[in-house]
Structures are given as C-alpha cells and as structure tokens.
Amino acid sequence: GNFPVWLAPTQVKVLPISDKLNSYAKTVHDGLLAQGVRSELDDRSVTIGSKIRDAEMEKIPYIVICGRREEKSRLMSVRRHSVGPIGLLTMEEFGKRILKEIKQKS
C-alpha cells in the first residue's frame, strides 16, 4: 500500500550514488535514526537508477540521494514518492520537515 509518512514502516530510504559514498550515506542514515525517523540504507552495488526505481516500487515516502556534491556541501538530495525531486536540504531542514509531517499525520 501507499502509506502516509507517519504510518509507513520505512519513512526514508538513503541511497548512496556509489560505494565511495557509503560512509556519508551511513552518516545521513544514522542522523535520521537519531531524530526518530524510520530510515533504511541501501548500500548495494547497483546503479542509482535501479535503487531509485526499487524505492519507488516499494512506495517509500522519501528518498534521500547522497552524491559527491551533497557530501561536499553536507546536504542531501530529497525526492518524494510519486512527486519527484524536492531539492537539496540540510539534515536539519529535512528533519524538521518530515517530523512536522509525521506529527501532523498529514
């Protein structure tokens, strides 16, 4: 089913673009878990397109993509299920956004 964020078993899936970025993606994943967000890290050695497609098929509400640009600027590229790209956000901005959505059960 297409669960709302507050009810979804996995609220965010973190996807590193390559194996070299697994450590940054793990940092993002751990930061989300620390804020109380149900997050999963997909560090498989497959293409980013495949990871995004899999997350969309699993109907994960938010997808966070971690690339070189995001690592350098300490940002994350955020996508919303069935909406598309939201943009580059800091961990704090994204945390506030998703926690507000979870709290309001919207």
Side-chain angles (χ1 to χ4, degrees):
N2 201 6
F3 292 116
V5 176
W6 62 273
L7 188 58
T10 301
Q11 296 166 324
V12 179
K13 188 160 265 196
V14 181
L15 312 176
I17 288 184
S18 72
D19 292 340
K20 294 176 184 175
L21 296 161
N22 283 349
S23 64
Y24 177 62
K26 175 94 170 95
T27 302
V28 170
H29 169 65
D30 291 343
L32 291 169
L33 290 175
Q35 294 182 49
V37 176
R38 293 187 297 271
S39 172
E40 283 185 12
L41 175 62
D42 184 352
D43 57 0
R44 297 177 296 155
S45 293
V46 295
T47 65
I48 189 65
S50 175
K51 291 179 187 181
I52 292 171
R53 183 178 58 250
D54 291 347
E56 284 286 342
M57 287 175 46
E58 292 173 20
K59 299 181 180 175
I60 307 294
Y62 283 98
I63 301 168
V64 171
I65 300 168
C66 300
R68 286 197 199 291
R69 179 180 60 179
E70 290 83 6
E71 181 183 35
K72 285 182 182 177
S73 58
R74 305 310 284 175
L75 297 172
M76 37 194 201
S77 180
V78 180
R79 294 176 58 99
R80 182 79 161 100
H81 173 66
S82 71
V83 173
I86 293 175
L88 293 172
L89 301 173
T90 65
M91 174 75 75
E92 184 179 311
E93 291 170 334
F94 181 63
K96 285 180 184 176
R97 178 186 183 128
I98 193 168
L99 291 173
K100 179 180 176 186
E101 195 172 336
I102 292 167
K103 186 177 180 181
Q104 292 177 348
K105 296 186 178 183
S106 58

What closest approach, in Å, do [X] and [Y] show between heavy atoms, and which atom pair accounts for it?
X: Ala25; Y: Val14; result: O-CG1, 3.6 Å
X: Lys13; Y: Ala55; result: CD-CB, 4.1 Å
X: Ile63; Y: Leu15; result: CG2-CD1, 3.3 Å
X: Arg74; Y: Thr27; result: NH2-CG2, 4.3 Å
X: Leu41; Y: Pro16; result: CD1-CD, 4.1 Å
X: Leu75; Y: Tyr24; result: O-OH, 2.6 Å

Worksheet item: Residues in salt bridge (charged side-chain N to carboxylate O under 4.0 Å, His left out) with Asp30, at least two apart?
Response: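 By the salt bridge (charged side-chain N to carboxylate O under 4.0 Å, His left out) rule, Asp30 matches Lys26.
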Item to complete: Test Arg97 against Glu93 for salt bridge (Lys or Arg N to Asp or Glu O under 4.0 Å), laying out the working first.
Response: CA-CA 6 Å; Arg97 178 186 183 128; Glu93 291 170 334; over 6 Å; no
Calculate, to the nearest 0.5 Å, the distance between atoms [atom1] and [atom2] belonging to [X] and [Y] respectively.
X: Leu7; Y: Ile102; atom1: CG; atom2: CD1; result: 11.0 Å
X: Ile17; Y: Ser77; atom1: CD1; atom2: OG; result: 8.0 Å
X: Leu21; Y: Cys66; atom1: CG; atom2: SG; result: 7.5 Å
X: Leu33; Y: Glu40; atom1: CG; atom2: CD; result: 10.0 Å
X: Leu99; Y: Gln11; atom1: CG; atom2: CD; result: 8.5 Å

Indicate if [X] and [Y] have the same hydrophobic cluster label, given that clusters are the connected sets of ILVMFWY residues with side-chain heavy-atom separations under 4.5 angstrom.
X: Ile48; Y: Val46; answer: no
X: Val64; Y: Met91; answer: yes
X: Val78; Y: Val28; answer: yes
X: Ile98; Y: Met76; answer: yes

Item to complete: Keeping to residues at least two apart or across chains, list the side-chain hydrogen bond (donor to acceptor under 3.5 Å, both in side chains) pairs with something in residues 47-57.
Response: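 Sorted result for residues 47-57: Arg44-Asp54, Glu56-His81.
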Discussion item. When you measure from the side chain of Gln35 to the backbone of Leu32, do you find a donor-acceptor pair of N or O atoms at a distance under 3.5 Å?
Written reply: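 Not at all, since once roles are kept as given, no pair shorter than 3.5 Å links the two residues.
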Worksheet item: Is a donor on one side and an acceptor on the other found under 3.5 Å between the side chain of Arg38 and the backbone of Pro9?
Response: yes
Do [X] and [Y] come close enough that some side-chain heavy atom pair is under 4.5 Å?
X: Phe94; Y: Val12; value: yes
X: Lys103; Y: Trp6; value: no
X: Ile65; Y: Arg79; value: yes
X: Glu58; Y: Thr10; value: no
X: Leu88; Y: Arg69; value: yes

Worksheet item: Looking at Arg80 and Glu101, does any basic side-chain N land under 4.0 Å from a carboxylate oxygen?
Response: yes
